[in-house]
Amino acid sequence: MPDSRIVAIHKKIETLIAVNFAGGYSAIDFTNRVIRGIEPEPIMVPHACVRFVDSIEDYGPTLGRFQGTAIYEIFAFVNGKNPTQRNDQALNTCSDMIAALTADRRLGLGSLVDDIKCDFTAIEGDAYGVETCGIGFIRVSIKYQSDDGT
């Protein structure tokens, strides 16, 4: 049985960011270090979590169609010797992940996805009780259309 659109997108996001960014800005390997779901504290560093937030729908461009935006959040936990290095690594990691996600604006999922948009920031882990970690945060918005609202 195939996955729903929301689950297929969730899995694809995980696949696209669970890679080695050795040639990127961060040079961090996230292979086997990404999970779908959220953890209050990272089980290892570097590590990333992808969480589905919600899907907001509206009436479509034509009768009988729906337009939707599915929202996901990515939390990327990275190392650094001091707050400045952690912040830089978090931002570099976000840049690497966004480049991977937006390389194909349909995520390779064809008609399931119309487009993707990413907003991001860096957070000092110490402020949230995750000491000596930088946290890259990416809010991913996925636009789609459907006949049945799913």
Side-chain angles (χ1 to χ4, degrees), residues 1-79 86-125 127-128 130 133-150:
M1 174 181 279
D3 289 322
S4 69
R5 173 189 322 266
I6 299 302
V7 172
I9 294 169
H10 203 183
K11 288 179 176 179
K12 189 65 172 194
I13 291 170
E14 175 191 22
T15 299
L16 290 171
I17 66 170
V19 298
N20 188 347
F21 295 112
Y25 299 107
S26 67
I28 297 176
D29 186 357
F30 279 92
T31 306
N32 298 319
R33 291 179 171 266
V34 178
I35 65 159
R36 288 185 300 122
I38 192 71
E39 296 175 321
E41 292 186 27
I43 56 174
M44 61 187 137
V45 178
H47 174 71
C49 304
V50 182
R51 176 177 93 97
F52 170 70
V53 177
D54 62 8
S55 182
I56 303 160
E57 293 195 352
D58 203 349
Y59 300 105
T62 60
L63 188 62
R65 299 279 297 164
F66 297 89
Q67 290 181 342
T69 303
I71 308 294
Y72 298 84
E73 293 176 339
I74 299 171
F75 297 87
F77 301 92
V78 297
N79 290 316
R86 292 190 289 271
N87 186 69
D88 290 351
Q89 271 298 67
L91 290 170
N92 285 333
T93 298
C94 287
S95 295
D96 286 341
M97 289 182 173
I98 290 169
L101 292 168
T102 60
D104 174 356
R105 303 293 293 217
R106 290 185 165 214
L107 301 177
L109 295 174
S111 63
L112 289 180
V113 171
D114 289 339
D115 205 355
I116 179 173
K117 179 177 82 81
C118 299
D119 304 304
F120 68 103
T121 191
I123 305 163
E124 176 55 46
Y128 293 92
V130 186
C133 279
I135 305 169
F137 173 78
I138 306 169
R139 184 174 175 86
V140 180
S141 301
I142 306 285
K143 293 280 190 186
Y144 65 90
Q145 294 183 43
S146 72
D147 294 328
D148 58 7
T150 62

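When reading the values below, keep in mind they use all heavy atoms of this one structure, side chains included, and skip hydrogens, waters and symmetry mates. Bear in mind the structure is a predicted one, so any value in this text is a computation, not a measurement.
The minimum heavy-atom distance between I28 and Q89, with the atom names listed, is CD1-NE2, 3.4 Å. Contact record, N87 with A122: OD1-CB, 3.2 Å, taken as the closest heavy-atom pair. Of all the heavy atoms in G136 and C94, the pair that sits closest is CA-SG, 3.5 Å. Residue R5 comes nearest to S146 through the heavy atom pair NH2-CB, 3.3 Å, listed as atom of the first residue, atom of the second, then distance. Listed here is the closest heavy atom pair of V19 and L16: CG2-O, 3.7 Å. Nearest heavy atom pair, residue A48 against residue M97, reads CB-CE, 4.0 Å.
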Worksheet item: Does the pair I123 and F75 meet the rule for a side-chain contact (heavy atoms from CB on, under 4.5 Å), with working shown?
Response: CA-CA 10 Å; I123 305 163; F75 297 87; 5.6 Å; no
Item to complete: Any chance you could lay out the salt bridge (Lys or Arg N to Asp or Glu O under 4.0 Å) test for D119 and K117, step after step, and finish with the verdict?
Response: CA-CA 7 Å; D119 304 304; K117 179 177 82 81; 2.9 Å; yes
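How far CG of L107 is from CD1 of I9: 7.0 Å, rounded to the nearest 0.5 Å. Atoms SG and CD1, from C118 and I74 in turn, are 6.5 Å apart once rounded to the nearest 0.5 Å.
Evaluation of the salt bridge (charged side-chain N to carboxylate O under 4.0 Å, His left out) test over residues 9-29, restricted to residues two or more places apart or in two chains, returns D3-K11, E14-R36. Residue pairs meeting the salt bridge (charged side-chain N to carboxylate O under 4.0 Å, His left out) criterion with at least one member in residues 16-28, sequence neighbours excluded, do not occur. The stretch residues 52-74 participates, sequence neighbours left out, in these ring pair (Phe, Tyr, Trp, His ring centres under 6.0 Å) pairs: H10-Y72, F52-Y72. The side-chain hydrogen bond (donor to acceptor under 3.5 Å, both in side chains) analysis of residues 93-111, with sequence neighbours excluded, yields the pairs S26-D96, R105-D115.
Partners of H47 according to the ring pair (Phe, Tyr, Trp, His ring centres under 6.0 Å) rule, which considers only residues two or more places apart in sequence or in another chain, do not exist here. D147 meets the salt bridge (Lys or Arg N to Asp or Glu O under 4.0 Å) test with R65; sequence neighbours excluded. Residues forming a side-chain hydrogen bond (donor to acceptor under 3.5 Å, both in side chains) with N20 (at least two apart in sequence, or on another chain): none. Every side chain to side chain contact (heavy atoms under 4.5 Å, CB included) that D54 has, sequence neighbours left out, goes to I56, I71. Under the side chain to side chain contact (heavy atoms under 4.5 Å, CB included) criterion, A100 pairs with F21, sequence neighbours left out.
Residues Q145 and D114 have side chains in contact (heavy-atom distance under 4.5 Å, counting atoms from C-beta outward). Contact check for F30 versus P46: side-chain heavy atoms found under the 4.5 Å cut-off. Annotation: side chain of F77 is in contact with side chain of C49 (closest heavy-atom distance under 4.5 Å).
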Return all side-chain donor-acceptor pairs below 3.5 angstrom for residues 137-144, not counting sequence neighbours, or 'none' if the list is empty.
{"unit_1": "K143", "atom_1": "NZ", "unit_2": "T69", "atom_2": "OG1", "d": "3.1"}
{"unit_1": "Y144", "atom_1": "OH", "unit_2": "S55", "atom_2": "OG", "d": "2.6"}
{"unit_1": "Y144", "atom_1": "OH", "unit_2": "E57", "atom_2": "OE2", "d": "3.0"}

